[in-house]
Amino acid sequence: MRDVSRIEAAAVQPGRGEVLHRLGLEPADVATPRLEDLLVRSAALFARVAAPAAVFEWVTREDFATIYEGDGENAPASPLDEIFPRADALALFAVTLGSAIDQAIRDLFDRGDSALGYVLDVSASYAADRLADLTAERFLASLRRSVSGGIRRVLPYSPGYCGWHVSGQRALFESLRPDDIKVALTASCLMDPLKSVSGVFVAGRGTVHRFRPTYPFCDACTTQQCRVRLATVK
Amino acid sequence: METLNHLSRLLQEGDDSGVDALTREAIASGIPAEDILRALLAGMAVVGERFKEHEIFLPDVLLAARAMHAAMGHIKPLLIAQGVPGGTKVVIGTVSGDLHDIGKNLVGIMLQGAGFEVLDLGSDVPPERFVDTAVAAGAPVIALSALLTTTMVRMREVVDMLAQRGLRGRILTIVGGAPVTETFAREIGADAYAFDATSAAARVRALLPVA
């Protein structure tokens with residue numbers, strides 16, 4: 001099953017608090033009037049130029065095993081190695097905010113308005129993640145319509161993180177072919193437009209997603225984002 | 001003196017139109033461009049310190065940088081005409097195959113705020129362009145950015161090219177970007193590594209002989 005969707009920019013647009021959080025401000029911090037002005041202008045620009053689109057396609061565990069193997073550059077062991085064989089269902093996905101927002105950010109930096117460019121960039125990064133989450137929910141809804149059982153949770157996993165080498169994008173794109181939402185892959189495995197996210201949705205009971213973050217690459221990880229995700233699965 | 005202090009304060013507040021107007025006023029009243037520049041750099045130093053201490057946030061720094069940019073538009077031609085030497089040149093760019101440039105832009109802004117003259121080559125820059133530009137401009141530092149593990153390996157090509165042309169030691173390299181680590185920097189023979197934009201200017205300064 002393949003699902004392509006266009007989403008309203010408002011559905012993924014971060015609120016003031018979310019942008020401030022990504023900018024490093026805590027709720028108790030006071031934003032200056034100039035920063036408030038940037039937030040307002042960035043939000044208006046986002047609403048004008050963001051064009052969110054998403055695609056996902058169901059994939060079997062066997063087919064995903066081949067895709068995951070990719071060019072053979074993954075870490076010898078990784079969380080996804082443990083997780084995907086336990087999954088009830090899998091889907092490859094790609095989401096994008098479109099090329100106009102990339103261009104808008106670039107233009108702002110080019111003309112010296114780096115502050116606004118940066119706030120828009122931060123907002124767009126948040127929105128791309130949110131779009132992936134919304135698309136995961138859409139995948140979950142499609143599963144609940146067609147599969148019985150206790151699928152409670154879908155989480156996205158992407159090449160370039162947690163031992164899945166970024167070159168894995170090649171096999172993923174060859175299989176998913178997200179031309180319908182206009183996302184392409186460069187020779188260096190970079191997605192164009194930049195504000196795009198791709199990977200695999202893993203569906204199953206919450207416990208499917210559990211792993212111990214003690215792989216060799218975990219030491220060098222600067223985000224430790226997995227700990228936040230792990231805290232959300234039961 | 002009061003004008004220069006005021007100018008520095010406006011810059012710290014990120015008031016670009018205020019800085020723009022006061023810079024023009026200062027020039028018209030005969031304050032030397034070099035003194036104006038000194039006040040602006042002092043203001044940026046305060047901004048940098050406050051950011052380091054988490055008193056202000058990156059957009060505040062960028063607003064101050066925008067104000068600095070507005071002032072430089074007026075005083076740069078005067079500095080050049082007076083033969084005042086510019087800041088030390090740093091060639092910066094995102095390596096070949098990589099189109100990410102936000103991090104690189106932030107580093108460039110931080111370097112400018114610290115008084116360096118930044119030659120920004122943009123993104124997807126081939127190795128020879130980094131080296132040729134540094135040689136032609138007399139820049140002692142090349143700053144390389146990459147956001148992907150597939151592109152960070154291109155940093156080595158720039159370091160190797162400098163070695164092949166006998167420029168190692170004369171032109172120094174600093175590397176950074178999300179997947180780049182201190183260990184990787186050492187492995188490829190880069191002269192320095194910066195974890196983030198904030199530390200980049202200090203790292204570049206530490207590379208250079210004390211004036």
Side-chain angles (χ1 to χ4, degrees), chain A residues 19-26 29-39 41-42 71 73 102 105-106 108-122 124-125 159-161 164-170 185-195 217 219-223, chain B residues 12-18 51 54-70 72-73 94-110 112-113 120 122-124 146-154 178-184 195-198:
Chain A
V19 180
L20 286 175
H21 179 70
R22 286 241 173 165
L23 291 171
L25 276 80
E26 300 301 330
D29 293 325
V30 179
T32 61
R34 284 198 178 81
L35 182 49
E36 291 287 2
D37 176 58
L38 284 178
L39 295 175
R41 288 165 59 210
S42 166
D71 295 351
E73 293 188 61
D102 281 2
I105 293 165
R106 215 170 288 133
L108 287 167
F109 273 93
D110 285 349
R111 64 168 191 252
D113 202 347
S114 48
L116 182 57
Y118 180 67
V119 175
L120 184 60
D121 182 76
V122 164
S125 294
Y161 298 92
W164 189 2
H165 196 267
V166 71
S167 62
Q169 291 276 34
R170 289 195 193 100
L185 198 65
T186 69
S188 48
C189 298
L190 180 68
M191 280 184 287
D192 180 21
L194 287 174
K195 294 301 175 192
F217 47 80
D219 290 340
C221 178
T222 52
T223 69
Chain B
Q12 290 169 46
E13 290 163 12
D15 183 351
D16 59 329
S17 52
F51 178 60
H54 306 290
E55 291 173 16
I56 58 173
F57 305 94
L58 193 50
D60 299 310
V61 179
L62 298 176
L63 285 167
R66 186 174 68 179
M68 176 98 182
H69 185 75
M72 289 306 288
T94 306
V95 296
S96 186
D98 204 328
L99 300 175
H100 293 99
D101 57 6
I102 301 295
K104 179 267 297 171
N105 290 342
L106 296 179
V107 172
I109 288 163
M110 295 294 184
Q112 277 171 338
D120 188 345
S123 59
D124 195 13
L147 206 86
L148 296 170
T149 49
T150 46
T151 56
M152 69 186 216
V153 292
R154 313 303 289 270
V180 180
T181 62
E182 183 108 51
T183 309
F184 174 78
F195 173 72
D196 57 16
T198 320

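Every value quoted in this text rests on a predicted model; they were computed, and no experiment measured them. Below, chains carry the letters A, B, ... as their sequence lines are ordered, and counting in each starts from 1.
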**Message:** Could you work out, with side chain to side chain donor-acceptor pair (under 3.5 Å) as the rule, every residue matching B:D16, not counting sequence neighbours?
**Reply:** B:R66

**SB check B:D15 A:R34 (cutoff 4.0 Å)** = yes

**Item:** Contact leader toward chain A among B:L63, B:I56, B:L147, where contacts are heavy-atom pairs under 4.5 Å
**Value:**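 Ranked by heavy-atom pairs under 4.5 Å with chain A, first place is B:L63.
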
Residue [X] versus chain B: region with a heavy atom under 4.5 Å:
X	answer
A:L190	both
A:L116	neither
A:L23	both

Heavy-atom contact with chain A under 4.5 Å, split by part of [X]:
X	value
B:L148	side chain
B:I109	side chain
B:T151	side chain

**Request:** Tell me, please, which residues at least two apart from B:F195 pass ring-ring contact (aromatic ring centres under 6.0 Å, His included).
**Result:**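 For B:F195 there are no ring-ring contact (aromatic ring centres under 6.0 Å, His included) partners, ignoring immediate neighbours.
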
**Asked** Does B:N105 reach the side chain of A:S114, with side-chain heavy atoms less than 4.5 Å apart?
**Response** no

**Side chains of A:T32 and B:F57 in contact at under 4.5 Å (non-hydrogen atoms)** = no

**Message:** If I compare all heavy atoms of B:P59 with all of A:A115, which pair ends up nearest, and what's the gap?
**Reply:** O-CB, 3.9 Å

**Asked** Which value, rounded to the nearest 0.5 Å, describes the distance between A:D121 atom CG and B:D101 atom CG?
**Response** 9.0 Å

**Request:** Using modelled atom types only, decide if a donor and an acceptor are shared between the side chain of B:T150 and the backbone of A:S188 within a distance under 3.5 Å.
**Result:** yes

